[in-house]
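In what follows, residues are counted from 1 in the order of the sequence shown.
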Amino acid sequence: MELENKKTRIAIISDIHGNLEALKETLKDIKTRNVDKIICLGDIISKGIHSRECIKLVRENCDIVIRGNNDRHYSSELNKEKYDGLSELEKERFNWNNSMLNDEERMYLQNLPFCYEFYMSGSLIRLFHGAPDSDKGNVFSGSNYEQKFKMFVPTENTISNQIADCVIYGHIHQAFMDMVYNRTLINVGSVGNALNLIRNPKRDGDVRETTKANYLIVTGEYGSKKYGSDISYEFVKVSYNIDKELENQDENIEKEAYKLELKEGIYRDKEKLFIRFKDNGIDFNKI
């Protein structure tokens, strides 16, 4: 289908993390919304036991797929020095996630692009997994403006050398939208591992607001560099059967951590999260 300069609806999904039930329900929902194109921002694998099935569905349904940090890491061949530098838990995670893939799947993940760009109703939209300079960038809703602005600046990893009008990314598993110096910054959230990174038992609402599968739909004039036509960004939350996804997880080396994340939206690596927030100037003691 020719999409150039026509009103187009693009669904953008990210961070599936081997959650087959969430992915299936998300794709079903997308099919009901008259979408023209599906883009995946990576992290198809790891955490859940259905990495291979999720890779298959993404390849069958997505027009563009970007490589996430988990896709890169767990499909790679680590040399002895890098492997020995991992913690014992990370070694166990690497061995388990890598073992679920065959050689062709590893090659597919390794060869996915870092970035994708297109114009929509005059806006240059840039997509990547984590940040323009790293697939492990950590920019949150509470990050400062300087950190957020860097998300729009081109690097050797981006396709064009222009500052983007809109950046859409994944990685942090928590959807949000912000305006930064007349530029739009959007995180699409996570399909299979939606989290609420800031928790306060005295203030927390219904956890089901967090644990649904999250994705984004962008609607506008695809390919057009001229301002004038409308553009919209629609966040979608899809309910799925979490208990069904958690069935037959005995082979999962972090079964309880996976359950905690899916049912409660609580990130498993709290110490790592504290460090990431501190680097972004976010003080947990003041939240």
Side-chain angles (χ1 to χ4, degrees), residues 1-15 35-43 62-69 71-72 110-190 214-235 279-281:
M1 178 181 178
E2 182 57 54
L3 302 179
E4 288 289 321
N5 299 312
K6 293 181 179 180
K7 187 173 182 181
T8 304
R9 289 170 60 77
I10 301 176
I12 305 178
I13 65 175
S14 189
D15 294 275
V35 163
D36 302 291
K37 194 182 189 83
I38 304 175
I39 299 175
C40 176
L41 302 185
D43 274 8
C62 295
D63 300 275
I64 301 292
V65 184
I66 291 170
R67 190 182 65 194
N69 61 300
D71 303 323
R72 170 185 52 78
Q110 285 293 314
N111 288 329
L112 290 173
F114 182 93
C115 178
Y116 181 68
E117 298 176 4
F118 61 93
Y119 278 90
M120 180 77 90
S121 299
S123 296
L124 173 59
I125 299 179
R126 180 172 291 140
L127 311 177
F128 43 71
H129 181 71
D133 58 350
S134 170
D135 57 20
K136 296 194 295 183
N138 292 293
V139 170
F140 303 96
S141 59
S143 297
N144 63 48
Y145 261 39
E146 185 62 28
Q147 290 163 323
K148 288 180 179 178
F149 178 69
K150 289 179 180 178
M151 295 289 278
F152 299 92
V153 178
T155 70
E156 61 182 14
N157 298 314
T158 60
I159 296 169
S160 69
N161 60 2
Q162 296 175 255
I163 298 177
D165 300 301
C166 174
V167 161
I168 302 175
Y169 70 113
H171 188 57
I172 64 170
H173 295 212
Q174 190 169 6
F176 80 93
M177 178 175 177
D178 199 1
M179 294 299 296
V180 183
Y181 306 120
N182 296 321
R183 304 177 191 278
T184 305
L185 181 66
I186 299 176
N187 191 283
V188 302
S190 171
N214 293 256
Y215 75 97
L216 179 80
I217 297 176
V218 183
T219 304
E221 196 171 292
Y222 182 80
S224 175
K225 296 183 180 182
K226 295 181 180 180
Y227 282 105
S229 58
D230 296 340
I231 186 169
S232 66
Y233 306 98
E234 177 185 358
F235 290 94
D279 291 342
N280 278 263

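Interatomic distance, Asn214 CG to Ile12 CD1, rounded to the nearest 0.5 Å: 13.5 Å. One finds the OH atom of Tyr233 at 10.0 Å from the OG1 atom of Thr219 (value rounded to the nearest 0.5 Å). Going from atom CD1 of Ile231 over to atom NZ of Lys7 covers 11.5 Å, rounded to the nearest 0.5 Å. Separation of atoms CG (Asp133) and CE (Met151) is listed at 9.0 Å; rounding is to 0.5 Å. In this structure, the separation between CD1 on Ile217 and CD1 on Ile10 is 11.0 Å, given to the nearest 0.5 Å. Within the model, atoms OH of Tyr116 and OG1 of Thr158 stand 15.0 Å from one another, a figure rounded to the nearest 0.5 Å.
For Asp135, the side-chain hydrogen bond (donor to acceptor under 3.5 Å, both in side chains) test picks out Arg72, with sequence neighbours left out. Thr184 is linked by a side-chain hydrogen bond (donor to acceptor under 3.5 Å, both in side chains) to nothing, counting only residues two or more places apart in sequence or in another chain. Scanning for ring-ring contact (aromatic ring centres under 6.0 Å, His included) contacts around Phe149 gives Tyr181, with sequence neighbours left out. For Tyr215, the side-chain hydrogen bond (donor to acceptor under 3.5 Å, both in side chains) partners at least two apart in sequence or on another chain are Asp29, Arg33. Legend: residues meeting side-chain hydrogen bond (donor to acceptor under 3.5 Å, both in side chains) with Ser134, ordered by chain and number and at least two apart, are absent.
Side-chain contact between Ile163 and Arg183 is present, with at least one heavy-atom pair separated by less than 4.5 Å. Within the 4.5 Å cutoff, side-chain heavy atoms of Leu127 are placed close to those of Ile66. At least one side-chain heavy atom of Ile39 sits less than 4.5 Å from a side-chain heavy atom of Phe118. At least one side-chain heavy atom of Tyr169 sits under 4.5 Å from a side-chain heavy atom of Leu185.
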- request: Tell me, with the steps shown, if Phe128 and Leu41 meet side-chain contact (heavy atoms from CB on, under 4.5 Å).
  value: CA-CA 6 Å; Phe128 43 71; Leu41 302 185; over 6 Å; no
message: I'd like to know whether Ile64 forms a side-chain contact (heavy atoms from CB on, under 4.5 Å) with Lys37, so could you lay out the CA-CA distance, the side-chain angles of the two residues, the decisive distance to 0.1 Å, and finally the verdict.
response: CA-CA 8 Å; Ile64 301 292; Lys37 194 182 189 83; 4.2 Å; yes
- prompt: Ile168 and Cys166: side-chain contact (heavy atoms from CB on, under 4.5 Å), yes or no, with the steps?
  reply: CA-CA 7 Å; Ile168 302 175; Cys166 174; 3.8 Å; yes
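Counting all heavy atoms, side chain and backbone alike, Phe114 lies closest to Pro132 at CE2-O, 3.6 Å. In terms of heavy atoms, Val35 sits closest to Arg9 at CG1-O, 3.5 Å. Here the closest non-hydrogen pair linking Cys115 and Asn157 is CB-O, 3.6 Å. The nearest pair of heavy atoms linking Val188 to Ile13 is CG2-C, 4.5 Å. Closest approach of Val65 and Pro113 over heavy atoms only: O-CD, 3.2 Å. The two residues Leu124 and Asp165 make their nearest non-hydrogen contact at N-OD2, 2.7 Å.
Proximity of a side-chain donor or acceptor of Asp63 to a complementary backbone N or O of Ile38 within less than 3.5 Å is detected. Of the possible polar contacts, none joining the Ser14 side chain to the Ser190 backbone as a donor-acceptor pair under 3.5 Å is found. Put simply, the side chain of Lys148 gets close to the backbone of Ser141: a donor and an acceptor are under 3.5 Å apart. Between the side chain of Asp178 and the backbone N or O of Phe176, no donor-acceptor pair lies under 3.5 Å. In this structure a side-chain-to-backbone donor-acceptor pair under 3.5 Å is present from Ser143 to Phe140. Remark: side-chain polar atoms of Asp71 are not paired, donor with acceptor, to backbone N or O of Gly42 under 3.5 angstrom. Using modelled atom types, no side-chain atom of Ser224 and backbone atom of Tyr222 make a donor-acceptor pair closer than 3.5 Å.
Salt bridge status for Lys226 with Glu221: absent, with no side-chain N to carboxylate O gap under 4.0 Å.
Among residue pairs with one or both ends in residues 120-132, those qualifying as side chain to side chain donor-acceptor pair (under 3.5 Å) are Asp43-His129, Asn69-His129, Glu117-Arg126, Ser121-Ser229, Arg126-Ser160, His129-His171; sequence neighbours excluded.
At most 12 heavy atoms of other shown residues, nucleotides or ligands fall within 6.0 angstrom of atom CG in Asp230.
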